[in-house]
Amino acid sequence: FLEYLDVTIKTQDEVEQEVGLAFLGIVPSIGQQAGRRGKYGRYGKKRKVLSRAREGKEDINKDLFVSTHPTSAVSECVRSIRTNILFMSPDEPIRRLMVTSPGPQEGKTTLVLNLAIAMAQSGSRVLVVDTDLRRPRVHKAFGASNDKGITSILLGAAAIEDVVLTTEVENLFVLPCGPIPPNPAELILTEKFKKLVGDLSDRYDRVIFDSPPVTAVTDAAILVHHVDGAILVFRPLATHKSAAKQTKRALEDVGGNILGAVFNNLDLENKDYGYYHYYYYRKYGYYYGEGTSEDSSSPPAEDRTRSEMTEEP
């Protein structure tokens, strides 16, 4: 009865069958995974010491996590999403990408930055454009100023080369929002914005736009015309199915190309997620570990035996 009353999205099947979108992958809870050395230590002994991240002794920049923790399960998940996106259109590469969500606080900016880092690490010149002209946040991840940005270019107060920031991540560049305008949607509708998107595409291999939530404002429905595809970010046990369906319908009604959806901030230890608790926890939590082989995670022998028995055809 409680499951019947639960109207939030929890599984991949609900994304594919009820919402009608391709499922691109998951991003585990970064706070949960940061600094984690695995549930089991060497020879299958349970670890008794909590990670420094869990104890609050390590400051975690979730927006740059793929750069600072390249061997983590989170980074592997983001790289898997990157691969899925690239293979969706092998003949015509997706060069301009928009990331949005049904509502606020679903982690779209964190996904934008970590996905951009993963693409930059593969050798592409990647530009992140903060087109959330109401609540910009991209510049904060790098400790940069928001005095100049995309709005400065559109108003003729600056040139592209004057406002694009070079980051500590090789091949990754950032174009901040700039001064917040009183009419964000009208700026995106202008011919100047269309020309700017074309100029940015000529300068960089991939351009990723951080867009406002779809159900809150109309900006995303306008911006989707300027990109090759859009990704929707859902937060399991938080995003309502009705909001997900409404978001999909709003973008498709204006001719937008939705590539698929991503689960963000997925707690792999929460059994409320159903089979994700078992499958993804074993796949990413055990197989991918940080550090040397001595520090890598591996389940006890009895768990390995049980999993091998259940996985036999």
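Worth saying up front: this structure is predicted, and the values here are computed from it rather than measured.
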>> Nearest 0.5 angstrom please: L21 CG to E16 CD, how far?
In response: 9.5 Å
> For S72 and S75, does a side-chain donor sit closer than 3.5 Å to a side-chain acceptor?
Replying inline: yes
>> Are K148 and V163 packed together at the side-chain level, in the sense that at least one heavy-atom pair is separated by less than 4.5 angstrom?
In response: yes
>> Working to the nearest 0.5 angstrom, can you tell me the gap between L172 CG and T166 OG1?
In response: 9.5 Å
>> With rounding to the nearest 0.5 angstrom, report the OG1 to CG distance, T109 to L113.
In response: 7.0 Å
> Which atom pair, heavy atoms only, marks the closest approach of S211 to M98?
Replying inline: CB-CG, 3.7 Å
>> Applying side chain to side chain contact (heavy atoms under 4.5 Å, CB included) to I26 and I81, what does each step give before you reach the verdict?
In response: CA-CA 8 Å; I26 69 164; I81 295 171; over 6 Å; no
> Is V112 close to D63 at the side-chain level, that is, under 4.5 Å between some pair of heavy atoms?
Replying inline: no
>> Using a 3.5 Å distance criterion without hydrogens, assess whether the side chain of T83 forms a donor-acceptor pair with backbone atoms of R79.
In response: yes
>> Testing the basics here: between P176 and L165, what is the closest heavy-atom pair and its distance to 0.1 Å?
In response: CG-CD1, 3.7 Å
>> Distance check, rounded to the nearest 0.5 Å: R206 atom CZ versus L200 atom CG?
In response: 15.5 Å
>> Applying side chain to side chain contact (heavy atoms under 4.5 Å, CB included) to V27 and N114, what does each step give before you reach the verdict?
In response: CA-CA 10 Å; V27 179; N114 282 292; over 6 Å; no
>> Checking side-chain polar atoms at under 3.5 Å, does S29 have a donor or acceptor matched by the opposite partner on N265?
In response: yes
> At what distance, to the nearest 0.5 angstrom, does OG1 of T100 lie from CG of L251?
Replying inline: 7.0 Å
> For G103, does its backbone N or O pair with a side-chain atom of E106 as donor and acceptor, under 3.5 Å?
Replying inline: yes
> For E170, does the CD atom have more than 12 heavy-atom neighbours from other residues, nucleotides or ligands under 6.0 Å away?
Replying inline: no
Per-pair distances, 0.1 Å, donor-acceptor, side chain in residues 225-234, under 3.5 Å, sequence neighbours excluded:
unit_1, atom_1, unit_2, atom_2, d
H225, NE2, V254, O, 3.2
D228, OD2, R95, N, 3.0
D228, OD2, R96, N, 3.0

> How close do L24 and L259 get, heavy atom to heavy atom, and via which atoms?
Replying inline: CD2-O, 4.2 Å
> Residues in side-chain contact (heavy atoms from CB on, under 4.5 Å) with E252, at least two apart?
Replying inline: K248, I258
>> For F209 and L97: C-alpha separation, side-chain torsions, deciding distance, then whether side chain to side chain contact (heavy atoms under 4.5 Å, CB included) applies.
In response: CA-CA 6 Å; F209 296 87; L97 182 67; over 6 Å; no
> Do N61 and T68 pass the side chain to side chain contact (heavy atoms under 4.5 Å, CB included) test, and can you show the C-alpha distance, the side-chain angles, and the key distance before you say yes or no?
Replying inline: CA-CA 8 Å; N61 189 342; T68 56; 5.8 Å; no
> Once the angle between the rings of Y204 and F173 is folded into 0 to 90°, is it parallel (under 30°), tilted (30 to 60°) or perpendicular (over 60°)?
Replying inline: tilted
> Taking everything shown except E161 itself, do over 12 heavy atoms lie less than 6.0 Å from its CD?
Replying inline: yes
> Where do V217 and P212 come nearest, in terms of heavy atoms and distance?
Replying inline: CG2-CB, 3.6 Å
>> Please give me the minimum heavy-atom distance between I94 and I85, naming the atom from each residue.
In response: CD1-O, 3.7 Å
Distance-only check: which donor-acceptor pairs under 3.5 Å involve side-chain atoms of residues 115-131, not counting sequence neighbours?
unit_1, atom_1, unit_2, atom_2, d
S122, OG, M119, O, 2.5
D130, OD1, D132, N, 3.2
D130, OD2, R137, N, 3.1
D130, OD2, V138, N, 3.1
T131, OG1, D210, O, 2.9

>> Nearest 0.5 Å, please: how far is CG in D253 from CD in Q246?
In response: 10.5 Å
>> Holding to side chain to side chain donor-acceptor pair (under 3.5 Å), I want the full list of residues that pass it with R134, two or more places apart in sequence or in another chain.
In response: D219
> Which atoms form the tightest heavy-atom contact between T239 and P102, and what is the distance?
Replying inline: CG2-CG, 3.9 Å
> Around atom CZ of R203, are there more than 12 heavy atoms of other residues, nucleotides or ligands at under 6.0 Å?
Replying inline: yes
>> Please check this pair: side chain of S152 against backbone of P179, looking for a donor-acceptor N/O pair closer than 3.5 Å.
In response: no
> What about F23 and L86, same hydrophobic cluster or not, with Ile/Leu/Val/Met/Phe/Trp/Tyr joined at side-chain heavy-atom distances under 4.5 Å?
Replying inline: no
> How would you list, by chain and number, every residue that makes a side-chain contact (heavy atoms from CB on, under 4.5 Å) with E168, sequence neighbours excluded?
Replying inline: L64
>> Pair T11, D13 - check side chain to side chain donor-acceptor pair (under 3.5 Å), show working.
In response: CA-CA 5 Å; T11 67; D13 292 339; 5.0 Å; no
Listed pairs under 3.5 Å, donor-acceptor, residues 180-198 side chains, sequence neighbours left out:
unit_1, atom_1, unit_2, atom_2, d
T190, OG1, L187, O, 2.6
T190, OG1, F193, N, 3.3
K195, NZ, D199, OD2, 3.1

>> Can you tell me which residue among H240, E14, R235 is in a side-chain contact (heavy atoms from CB on, under 4.5 Å) with T8?
In response: H240
